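A short write-up of the structure that comes next.
Here, residue 1 is the first one in the sequence, and each next residue gets the next number. For clarity, every value in this text was computed on a predicted model and none was experimentally measured.
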Amino acid sequence: MNYDAGEWDVAVIGAGHAGIEAALASARLGCRTVVFTINMDAVGNCPCNPSIGGTAKGHLVREIDALGGEMGRTADAATIQSRMLNLGKGPAVHSLRAQIDRREYSKIMKHTLEQQPGLQLKQAEILDLYPSEEGKWKVITRMQAEYTAKAVILATGTFLGGRIYVGEVSYDSGPDGLFPSSFLSEPLRKLGLRLRRFKTGTPARVLRSSIDFSRLEEQKGDEPVIPFSYDTLDPLQNKASCFVAWTNEETKRIIEENIHRSPLYSGQIEGIGPRYCPSLEDKIVRFADKPRHQVFIEPCGLDTEEMYLQGMSSSLPEEVQLAFYRSVEGMEQVEMMRCAYAIEYDCVDPLQLDATLEFPELPGLYGAGQFNGSSGYEEAAAQGFVAGVNAARKIQGKPPFILDRASSYIGTLVDDLITKGVMDPYRMMTSRSEYRLVLRQDNADLRLTPLGRELGLIPDVRWQRFLQKQEQIEQEKKRIQKTVIPPTDEINRMLVSRETSPIATGVRLVDLLKRPQVGYADLAPFDPARPDLPEAVLENVEIETKYAGYIQRQLADIAEMRRLEQRVLPKDLCYGEISGLRLEAREKLERVRPQNIGQASRISGVSPADISVLLIFLAKQNHTANSP
């Protein structure tokens with residue numbers, strides 16, 4: 001018989017990256033929150049790559065932090081090496097990536113949850129979940145405890161129905177040898193959730209002393225270290241190096257000779273894997289003409305000898321893994337500490353969610369993270385934040401918190417999931433955003449901190465720092481408009497050396513800064529009146545100045561998108577009765593149930609002609625409604 005474990009505002013199932021942000025956001029907004037984890041020592045675990053950020057993912061971390069989330073602060077505290085990716089490209093794709101101490105990260109996150117007022121962390125496996133007659137939710141643990149909650153957030157990661165595959169060996173398990181969540185899938189199906197099987201994988205961890213680093217390319221961190229969080233004020237340090245290696249023809253031969261033993265190709269694995277993060281055997285098959293593949297050898301922490309082999313995930317048998325790892329130069333004597341594996345798990349069709357990440361047919365039930373069909377720590381944390389904020393605001397009778405595509409990568413992520421759905425684990429990339437020049441990582445705080453303040457998640461001290469930065473940016477923009485640089489031999493020598501034309505008359509500083517070849521650092525000797533400003537202020541002013549024309553064009557596109565977003569579609573609209581819509585469009589519209597014309601236009605299979613039909617239909621409806 002179940003025993004009564006009390007009433008809560010919000011219950012979060014899972015304490016990975018999604019569950020953490022969901023629980024903290026909910027509790028910080030004043031809701032009594034309980035968060036469940038199968039293993040208390042796995043809170044905030046990083047079972048795959050020991051890093052935070054990366055291309056587009058760094059944008060997500062900055063945005064979470066700008067709104068008042070936790071990932072950026074903890075990543076900074078656990079950083080052992082930091083690099084800014086894509087510096088050879090434009091500022092839209094510059095992305096921060098930090099190698100972290102995975103145990104330190106987990107320890108800090110667990111302690112943060114433990115210290116948060118209004119939040120309780122519980123070790124428990126959830127067996128059942130169902131709505132009560134009072135409109136609340138019942139959450140049942142394996143120990144027969146019954147928790148009652150006004151809202152529940154599902155953040156099960158890869159634990160739900162988790163199954164490990166290594167060659168011919170397979171068994172029920174969560175990541176890192178932890179227990180799986182073996183019973184919850186069936187209750188979720190009974191609730192009407194459409195579950196599917198996805199798959200992901202992770203490389204082996206190997207012993208540091210068994211690698212010959214003298215034969216590898218060392219990859220040091222960038223100086224100075226740039227933090228993720230706007231709360232990180234003390235300088236950070238690089239404490240470790242990463243290394244680069246390459247597979248070769250022998251690696252390829254070993255894999256090809258054993259490909260029939262891979263559960264990916266023997267038919268054992270049903271789940272669909274991530275398109276943009278394939279296993280090594282998948283890369284060998286898909287890119288058969290490629291002679292080699294890059295491998296990044298990365299430390300898992302400062303107090304461990306485990307090294308992570310990024311780019312070499314596999315589900316081949318253990319002895320085959322050891323053979324192909326040892327085929328790589330510098331790794332001939334390598335010793336595996338944990339073998340690579342693939343993991344299959346249950347997740348939901350995100351087309352069942354709305355923009356708050358709530359299931360509209362099941363009020364008070366939310367999904368976040370890999371449960372929603374995404375991959376990656378950062379994508380999970382972003383969704384957890386959105387779900388946690390919206391669960392709290394709904395309970396408090398406040399309007400929903402919805403970020404659109406033009407406001408953030410978080411908005412793009414959510415919109416992609418709920419509008420386009422997923423056929424394989426979703427990964428955020430800068431190419432997914434049509435507004436990426438506006439949604440840069442350097443301006444995440446300028447875009448989103450006011451929203452975080454409105455939510456109540458940005459404290460006074462940080463808000464004052466934000467206002468000061470905003471004022472410094474505006475004053476510097478005005479100053480460079482007014483400041484004129486006279487022609488001198490020295491400045492002309494500098495301009496010619498940068499392969500741009502010299503000046504014959506006085507030129508405004510803003511016009512010199514617009515030149516692609518010239519930056520603030522080049523102009524510093526000729527601009528003695530420039531105030532002592534933080535690097536982040538100068539970076540923002542320079543980017544906004546150089547790309548002003550492109551930014552204005554994107555802002556015009558955003559205005560048009562938001563105009564379409566204001567054309568609301570009735571919730572009970574029967575698309576089958578609208579003449580002129582193609583059959584495919586009717587089926588897709590009925591399935592997704594878009595909230596507005598803008599969202600409808602982004603559904604795969606809905607053409608511009610279908611959108612015209614919907615606009616005409618709405619116009620006729622409005623005319624009929626306004627007729628006397």
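For the pair A340 and A204, the tightest heavy-atom approach, listed with the atom from each and the gap, is CB-N, 3.5 Å. For the residue pair L195 and F371, the shortest heavy atom distance occurs at CD2-CE1, 4.3 Å. The two residues Q123 and I38 make their nearest non-hydrogen contact at CG-O, 3.5 Å. The two residues G388 and A25 make their nearest non-hydrogen contact at C-CB, 4.2 Å.
Within a 6.0 Å sphere centred on CE of M143, other residues, nucleotides and ligands contribute 12 heavy atoms or fewer. Surrounding CZ of F179 are at most 12 heavy atoms belonging to other residues, nucleotides or ligands under 6.0 Å away. Under a cut-off of 6.0 angstrom, the local environment of CD in E434 is crowded, with over 12 non-hydrogen atoms contributed by other residues, nucleotides or ligands. The number of heavy-atom neighbours closer than 6.0 Å to CD of E361, taken from other residues, nucleotides and ligands shown, is 12 or below.
Interatomic distance, C31 SG to L119 CG, rounded to the nearest 0.5 Å: 11.5 Å.
The shortest distance between side-chain heavy atoms of L188 and V348 does not fall below 4.5 Å.
Contact check on D354 versus K571 returns no salt bridge, with no Lys/Arg side-chain nitrogen under 4.0 Å from an Asp/Glu carboxylate oxygen.
For Y377, the ring pair (Phe, Tyr, Trp, His ring centres under 6.0 Å) partners are H17, not counting sequence neighbours. Under the rule for a ring pair (Phe, Tyr, Trp, His ring centres under 6.0 Å), the partners of Y409 that lie at least two apart in sequence or sit in another chain are H59. By the ring pair (Phe, Tyr, Trp, His ring centres under 6.0 Å) test, F36 pairs with Y147, sequence neighbours left out.
Seen from the ring of Y308, R102 does not count as a face-on cation partner, given the 6.0 Å and 45° thresholds.
One side chain, T148 or K138, offers a donor N or O that lies under 3.5 Å from an acceptor on the other. Of the N and O atoms on the side chains of T419 and Q599, at least one donor lies less than 3.5 Å from an acceptor on the other residue.
Counting only distance, with no hydrogens or angles, the side chain of R567 and the backbone of R563 share no donor-acceptor pair below 3.5 Å. In terms of modelled atom types and a separation under 3.5 Å, the side chain of S51 and the main chain of I100 share no donor-acceptor contact.
Between Y165 and the options K199, E344, Q268, a side-chain hydrogen bond (donor to acceptor under 3.5 Å, both in side chains) holds for only E344.
Under the 30°/60° scheme for interplanar angles, the aromatic rings of F401 and F385 are found to stand perpendicular.
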